[in-house]
Amino acid sequence: MPSFQTSPGTRDILPPQAGRWRAFSAQFADIVESAGYECIIPPMFEDLGVFLRLGDATDVVTKEMYDFEDKGGRRIALRPEHTAGICRAFAQHRPTTPWKVWYSGSNFRYEKAQAGRYRQFDQVGIEVLGSTDPLLDVEVISLGWQFFSSLGLKNVVLMVNSLGDLADRAAYIEALRQYLESRSGELSDEARATLQRNPLRVLDSKRAQDKPVVAGAPTIGQFLSDEARAHFASVIAGLDLLGVPYTINEGLVRGLDYYQRTVFEFVSTSLDSAQTAVGGGGRYDGLVEDLGGPATPGVGFALGIDRTLLACDSEEVFDLGSPQIDAFIVDVVDGMAALRLSDELRAAGFTVDRAYDGRSMKSQMKVADRSGARVAVIIGQDEAEAGNCTVRNLMTSDQSIVLQAELVTHLASIVGERNPRRNTQ
RNA sequence: GUGGGCGUAGCUCAGUUGGUUAGAGCGCCAGGUUGUGGUCCUGGAGGUCGGGGGUUCGAGACCCCUCGUCCACCCCA
């Protein structure tokens with residue numbers, strides 16, 4: 001065993017998996033940038049207070065925060081999610097609205113690791129600040145939906161709900177509390193404890209014992225104000241218009257306290273672990289104000305990269321290999337030709353690798369084969385003296401001798417034309 | 001945080017009721033007549049059996065502690 005290993009809940013994303021992550025983010029960027037969202041990169045740690053707004057009854061704040069005091073005596077926390085930091089950035093910089101941003105990055109929560117759950121985990125997401133338009137909620141939800149579709153995922157379902165405005169929500173929570181307390185004798189010990197902290201979360205209980213009680217609970221729908229009801233109706237109408245399939249789930253509550261009105265979650269039905277939520281979001285109209293900014297509505301979502309990729313694995317989609325190598329250079333003289341030719345070919349736009357350490361031709365050919373290269377360019381003593389090279393097509397085993405000066409055109413005839421690398425002036 | 005499963009070479013695993021210098025397959029490296037891959041053959045490198053303590057004449061195997069990992073709960077992406 002090596003002396004050091006990754007800390008609990010963290011891991012190395014090695015090649016080729018790391019390349020898949022990069023492609024994942026790139027594909028996400030393509031989709032949301034086409035809708036006018038721009039990239040934002042907030043800091044990984046902030047003043048602890050920024051994240052306390054997520055809710056003092058949530059585990060994310062009370063148990064899972066990576067917080068510490070820095071050398072300057074500041075109370076700092078590693079971000080457990082992106083939304084709060086982005087709202088803080090909005091309050092700090094006051095960009096014109098609507099402010100549409102997307103992000104891709106790591107979050108940190110001190111939890112015990114499990115399938116699809118890590119202490120350092122990555123999300124991509126979008127946020128829009130400055131508009132209450134319900135059709136914006138629709139745009140946001142539909143972009144999430146489109147992204148899952150673009151990955152090739154079929155077994156993702158969308159659940160939507162409305163938590164109402166603050167007053168609706170408060171009235172509902174009170175009614176729910178009264179109901180649950182009246183039947184607390186039937187609840188599990190765990191659910192009773194949850195009831196004290198956050199009655200909404202009892203609706204999420206997975207224990208069979210709690211199911212009958214939860215099934216009989218009052219639902220949020222009866223508590224919505226006229227405004228909240230109209231807002232939700234517009235969201236539904238918009239989803240219908242776009243043909244985005246959804247399920248209204250009145251038991252859907254989100255884990256963070258800042259949500260109001262629209263909430264939604266994307267769930268993979270092809271994951272068999274306990275973690276099936278691959279993404280979620282909603283409207284958080286009070287958050288910017290809570291952080292000391294002007295009253296500003298907001299809506300957004302976050303998708304878990306790990307879990308979504310897990311879903312891709314189980315549906316056997318979005319499967320990427322390593323990048324294709326066009327040519328592999330085998331130089332058994334002194335390596336100088338390999339150095340020069342690889343440089344020239346790369347400048348011409350080809351992907352080129354080579355062997356090192358002056359190994360035997362047989363050994364270098366093995367490495368060439370393993371690299372998956374389509375062509376081997378061989379420089380032996382004869383070629384070096386004649387100024388040419390042997391070009392071997394590793395798929396067909398055809399072989400020919402060409403002048404080194406004509407290598408670029410010859411290679412293009414085998415693997416196709418490439419765009420030369422451009423140097424910025 | 002609670003409960004359970006598991007921790008033997010880079011990877012996947014064997015290791016009989018505790019008994020001599022710990023094995024296989026894959027991978028890696030080098031050869032198989034002196035310039036060539038993917039198949040085949042031969043050889044080689046690589047492990048303080050997660051770590052610490054204990055029981056024993058003797059422990060990879062048994063006991064305790066610890067760390068890590070996986071799974072469930074909790075919570076969430």
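In the text below, chain A, chain B and the rest are named by the order of the sequence lines, each starting its count at 1. Predicted model only: the values in this text are computed from it and were never measured.
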Exercise. Aromatic rings A:Y66 and A:F108: how do their planes relate, parallel, tilted or perpendicular, breaks at 30° and 60°?
Worked result: perpendicular
For this session: Figure out the NZ/C1' separation between A:K366 and B:G27, and round it to whole Å.
Result: 12 Å
Problem set entry | Sugar-phosphate only, base, or nothing, as touched by A:I378 at under 4.0 Å among non-hydrogen atoms | base
Exercise. Considering only the P atoms, how many Å lie between B:G3 and B:C64, rounded to the nearest integer?
Worked result: 15 Å
Exercise. Using the P atom in both, what is the distance from B:U48 to B:G10, to the nearest Å?
Worked result: 8 Å
For this session: Round to the nearest Å and state the distance from A:Y110 atom OH to B:A77 atom C1'.
Result: 20 Å
For this session: Give the nucleotide from the list B:C76, B:G37, B:A77 with an atom nearest to the side chain of A:D369.
Result: B:G37
Exercise. So which nucleotide does B:C73 pair with, by the Watson-Crick or G-U wobble rule with both distances under 3.5 Å?
Worked result: B:G1
For this session: Verify whether one side chain among A:Q399 and A:T390 offers a donor that lies under 3.5 Å from an acceptor in the other.
Result: no
Problem set entry | Nucleotide forming a Watson-Crick or wobble pair with B:G68, both distances under 3.5 Å | B:C6
For this session: Identify which nucleotide among B:C70, B:G31, B:A77 has an atom closest to any side-chain atom of A:A113, counting heavy atoms from C-beta outward.
Result: B:C70
Seminar exercise, completed: A:E111 CD to B:G1 C1', in whole Å, measures 12 Å
Exercise. Does a side-chain N or O from A:R370 land closer than 4.0 Å to OP1 or OP2 of B:C29, or not?
Worked result: yes
Problem set entry | B:A14 pairs with, by Watson-Crick or G-U criteria that keep both distances under 3.5 Å | none
For this session: Output the single nucleotide from B:G68, B:A77, B:C75 whose closest atom is nearest the side chain of A:P8.
Result: B:G68
Exercise. For A:R109, which contact category applies under a 4.0 Å heavy-atom criterion: base, sugar-phosphate, or nothing?
Worked result: base
For this session: Using a heavy-atom cut-off of under 4.0 Å over every strand shown, decide if A:G125 touches base, sugar-phosphate, or nothing.
Result: nothing
Exercise. Going by modelled atom types, is there a donor-acceptor pair between the base of B:U36 and the side chain of A:Q364 at under 3.5 Å?
Worked result: no
Seminar exercise, completed: A:H82 atom NE2 is separated from B:A77 atom C1', nearest whole Å, by 12 Å
Problem set entry | Below 4.0 Å: OP1/OP2 of B:C29 and any side-chain N or O of A:R359 | yes
Problem set entry | Whole-Å gap separating P (B:C28) and CG (A:D357) | 16 Å
Problem set entry | Nearest-angstrom distance from the residue atom NZ of A:K362 to C1' of B:G32 | 7 Å
Seminar exercise, completed: Regarding the side chain of A:K112, the nearest nucleotide among B:G37, B:U36, B:U2 is B:U2
Exercise. Should A:Q114 be listed as having a side-chain N or O under 4.0 Å from OP1 or OP2 of B:A72?
Worked result: yes
Exercise. Which part of the nucleic acid does A:T194 contact within heavy-atom distance under 4.0 Å: base, sugar-phosphate only, or nothing?
Worked result: sugar-phosphate
Seminar exercise, completed: Re B:C62: Watson-Crick or G-U wobble partner, both distances kept under 3.5 Å, found to be B:G54
Exercise. Starting at CD of A:Q5 and ending at P of B:C70, how long is that distance when rounded to a whole Å?
Worked result: 12 Å
Problem set entry | Any strand: nucleotide that pairs with B:G47 via Watson-Crick or wobble, under 3.5 Å | none
Exercise. Is there a Watson-Crick or G-U wobble partner for B:G31 with both distances under 3.5 Å, and which nucleotide is it?
Worked result: B:C41
Exercise. What is the distance from CG of A:L203 to P of B:C75, rounded to the nearest Å?
Worked result: 11 Å
